[in-house]
**Student:** 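Provided herewith is a single structure, encoded as structure tokens, for subsequent inquiry.
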Amino acid sequence: MAKVCVFCGGTPLTKEHVLPRWLKVALDPAVRRHRYVRVSSGTIQQHDSTPLDAQVKIVCPECNSGWMNQLEEDVRRFLPDLIQGNPRTLDMEAQRALVSWSVKTMLMLQYTHPAEARVIPFSDVTRFHEVREPTSSMLGRIGFMNYPPDDSVPLVDTLCQGYGLPDQMAWISTLKIGCMVVQVLRAPEVAEAHMLVPFKASPVLHPIWPPQNTIEWPLPATIPYESMMDLAHPKVLNVSTIPI
């Protein structure tokens, strides 16, 4: 259990809802299942809970009510529509806000579990506090999935896989809430004067980090839920870099 804020080292600590309570308007009360799956070093751990009850006591009041609250306010006007599958136009500013909020939420979700079940290293937590958006070593994309009909399919799905590389850690985290699927890939550090080759757009998945162009939501094609594990847990990281 953290004794100081995981972001700034401040005290005292306050409780943070992993998902904001205002998302209740976008969630079907009849579907309440939240699944957290962590894969690392060939082992799989899974935990089920209810989506809006999860809280963590790892941040100070200044971070909680300051920049973290601002990340939530930046997505509040459009996030419920994404979750419910309602039509929305996401400009580049909205995509930046969405992927930044998603990374913050992914970080908070992993702190609902003990240290041995976490995949994202602490160095990425402190780096996120510095920049408050994904770094140049990250890629992000969004996909559409049909809203779950019942608890046979989790309303909220969090899947995180770590890749133990010889020199450093890499990971993929996938967050599904209702119809919205956001995936963030953290590659090994990118060499100076280079950049990651962005995800390619497809009818099923569209890049949101770095933002490229306007997205019309919902996307034209649906991700079958049966494909969720394959999407979230590829056997290898398929990324490359190019000179800037």
**Student:** How close do Q55 and T112 get, counting heavy atoms only, and between which atoms?
**Tutor:**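 Scanning both residues, the minimum pair turns out to be O-CG2, 4.4 Å.
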**Student:** Side chains of T105 and T158, heavy atoms from C-beta outward: is any pair under 4.5 Å?
**Tutor:**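 No, too far: nothing below the 4.5 Å cut-off.
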**Student:** Apply side chain to side chain contact (heavy atoms under 4.5 Å, CB included) to V239 and V197, showing your working.
**Tutor:** CA-CA 7 Å; V239 294; V197 176; over 6 Å; no
**Student:** Ignoring hydrogens and angles, state whether a donor on the side chain of H17 or D53 is under 3.5 Å from an acceptor on the partner side chain.
**Tutor:**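 No, D53 and H17 have no side-chain donor paired with an acceptor closer than 3.5 Å.
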**Student:** For F144 together with W217, are the ring centres under 6.0 Å from each other?
**Tutor:**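 For W217 and F144, the ring centres are under 6.0 Å apart.
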**Student:** Which of parallel (below 30°), tilted (30 to 60°) and perpendicular (above 60°) describes F7 and F128?
**Tutor:**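 Rings of F7 and F128: tilted, as their planes differ by 30° to 60°.
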**Student:** What pair of heavy atoms forms the shortest contact from E133 to S100, and how long is it?
**Tutor:**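 The answer is CB-OG, 3.3 Å.
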**Student:** Mind checking the CG-CZ spacing from N69 to R76? Nearest 0.5 Å is all I need.
**Tutor:**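 Those atoms lie 8.5 Å apart.
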**Student:** Using side-chain heavy atoms (C-beta onward) and a distance below 4.5 Å, is L90 in contact with L82?
**Tutor:**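 Yes, their side chains come closer than 4.5 Å.
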**Student:** Are Y147 and V25 connected, step by step, through hydrophobic side chains (Ile, Leu, Val, Met, Phe, Trp, Tyr) whose heavy atoms are closer than 4.5 Å?
**Tutor:**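 Per the 4.5 Å side-chain linkage, Y147 and V25 are not co-clustered.
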**Student:** Mind checking the NE2-CD1 spacing from H194 to I242? Nearest 0.5 Å is all I need.
**Tutor:**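 Result: 9.0 Å between the selected atoms.
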**Student:** Nearest 0.5 Å, what's the CD1-CE distance between I244 and M195?
**Tutor:**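 I244 CD1 to M195 CE: 6.5 Å, rounded to 0.5 Å.
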**Student:** Quick one: are V6 and L107 in side-chain contact, heavy atoms under 4.5 Å?
**Tutor:**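 V6 vs L107: side chains apart.
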**Student:** List the atom of P188, the atom of A170, and the distance in Å for their closest heavy-atom pair.
**Tutor:**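 In terms of heavy atoms, the two residues are closest at CD-CB, 4.0 Å.
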**Student:** Testing the basics here: between H233 and Y163, what is the closest heavy-atom pair and its distance to 0.1 Å?
**Tutor:**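 Residues H233 and Y163, closest heavy atoms: C-OH, 4.3 Å.
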**Student:** Determine yes or no for a side-chain-to-main-chain donor-acceptor pair under 3.5 angstrom, with K176 supplying the side chain and P154 the backbone.
**Tutor:**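 Confirmed, K176 side chain pairs with P154 backbone.
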**Student:** Please check if atom CD in E130 has more than 12 non-hydrogen atoms from other residues, nucleotides or ligands closer than 6.0 Å.
**Tutor:**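 Atom CD in E130 is crowded, with more than 12 foreign heavy atoms closer than 6.0 Å.
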**Student:** Taking only Lys NZ, Arg NE, NH1 and NH2, and the carboxylate oxygens of Asp or Glu, determine whether E16 and K57 approach each other closer than 4.0 Å.
**Tutor:**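 No.
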**Student:** So, taking the atom named CZ in R141 and the one named CD in Q212, what distance separates them when rounded to the nearest 0.5 Å?
**Tutor:**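 One gets 12.0 Å once the value is rounded to the nearest 0.5 Å.
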**Student:** Give a yes-or-no answer on whether the side chains of D91 and Q95 include a donor-acceptor pair shorter than 3.5 Å.
**Tutor:**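 Not at all, the side chains of D91 and Q95 share no donor-acceptor pair under 3.5 Å.
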**Student:** N146 and Y225: side-chain hydrogen bond (donor to acceptor under 3.5 Å, both in side chains), yes or no, with the steps?
**Tutor:** CA-CA 8 Å; N146 289 326; Y225 186 73; over 6 Å; no
**Student:** Can V131 be reached from V125 by stepping across I, L, V, M, F, W or Y side chains whose heavy atoms are under 4.5 Å apart?
**Tutor:**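 In one cluster with V125: V131, no.
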**Student:** Can any side-chain N or O of W209 pair as donor or acceptor with the backbone N or O of T135 at less than 3.5 Å?
**Tutor:**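 Present.
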**Student:** Is there side-chain contact between V204 and P220, with heavy atoms separated by less than 4.5 Å?
**Tutor:**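 No; the side chains remain at least 4.5 Å from each other.
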**Student:** Between N64 (side chain) and K15 (backbone), is there a donor-acceptor pair under 3.5 Å?
**Tutor:**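 Answer holds: yes.
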**Student:** So does E93 get a backbone contact from the side chain of R96, meaning a donor-acceptor N/O pair under 3.5 Å?
**Tutor:**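 Judged by distance alone, no pair lies under 3.5 Å.
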**Student:** Do R88 and F78 form a cation-pi contact, if we require the NZ or CZ to be under 6.0 Å from the six-membered ring centre and within 45 degrees of the ring's axis?
**Tutor:**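 Because its charged atom misses either the 6.0 Å distance or the 45° angle limit, R88 does not stack over F78.
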**Student:** Start with the C-alpha distance between L98 and I142, add both sets of side-chain angles, then the distance that settles side chain to side chain contact (heavy atoms under 4.5 Å, CB included), and finish with yes or no.
**Tutor:** CA-CA 10 Å; L98 175 61; I142 189 172; 3.7 Å; yes
**Student:** Between H129 and C8, does a side chain to side chain contact (heavy atoms under 4.5 Å, CB included) hold up when you go through it step by step?
**Tutor:** CA-CA 7 Å; H129 174 247; C8 71; 4.0 Å; yes
**Student:** For residues R118 and Q110, is any side-chain donor paired with an opposing acceptor at under 3.5 Å?
**Tutor:**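 Distance-only check fails for R118 and Q110.
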**Student:** From T174 OG1 over to Q161 CD, what is the distance, rounded to the nearest 0.5 angstrom?
**Tutor:**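 Nearest 0.5 Å value for the OG1-CD distance: 9.5 Å.
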**Student:** Do the side chains of D74 and E72 get nearer than 4.5 Å, heavy atoms only?
**Tutor:**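 No, their side chains stay 4.5 Å or more apart.
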**Student:** Can you check whether V184 reaches M106 side chain to side chain, under 4.5 Å on heavy atoms?
**Tutor:**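 Counting from C-beta outward, V184 and M106 do come under 4.5 Å.
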**Student:** According to a 4.5 Å side-chain heavy-atom criterion applied to Ile, Leu, Val, Met, Phe, Trp and Tyr, with indirect links allowed, do W67 and V75 form part of one hydrophobic cluster?
**Tutor:**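 Same hydrophobic cluster.
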**Student:** Considering non-hydrogen atoms only, spot the tightest contact between M145 and I223 and give its length.
**Tutor:**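 Closest approach of M145 to I223: CG-O, 3.5 Å.
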**Student:** As an exercise, state the distance from CG of L185 to CD1 of I172, rounded to the nearest 0.5 Å.
**Tutor:**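 L185 CG to I172 CD1: 4.5 Å, rounded to 0.5 Å.
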**Student:** Run the side chain to side chain contact (heavy atoms under 4.5 Å, CB included) check on L175 and L109 step by step: do they pass?
**Tutor:** CA-CA 10 Å; L175 173 66; L109 278 165; 3.9 Å; yes
**Student:** So which atom in W22 and which in L79 form the shortest heavy-atom distance, rounded to 0.1 Å?
**Tutor:**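 The pair with the smallest heavy-atom distance is CH2-CD2, 4.0 Å.
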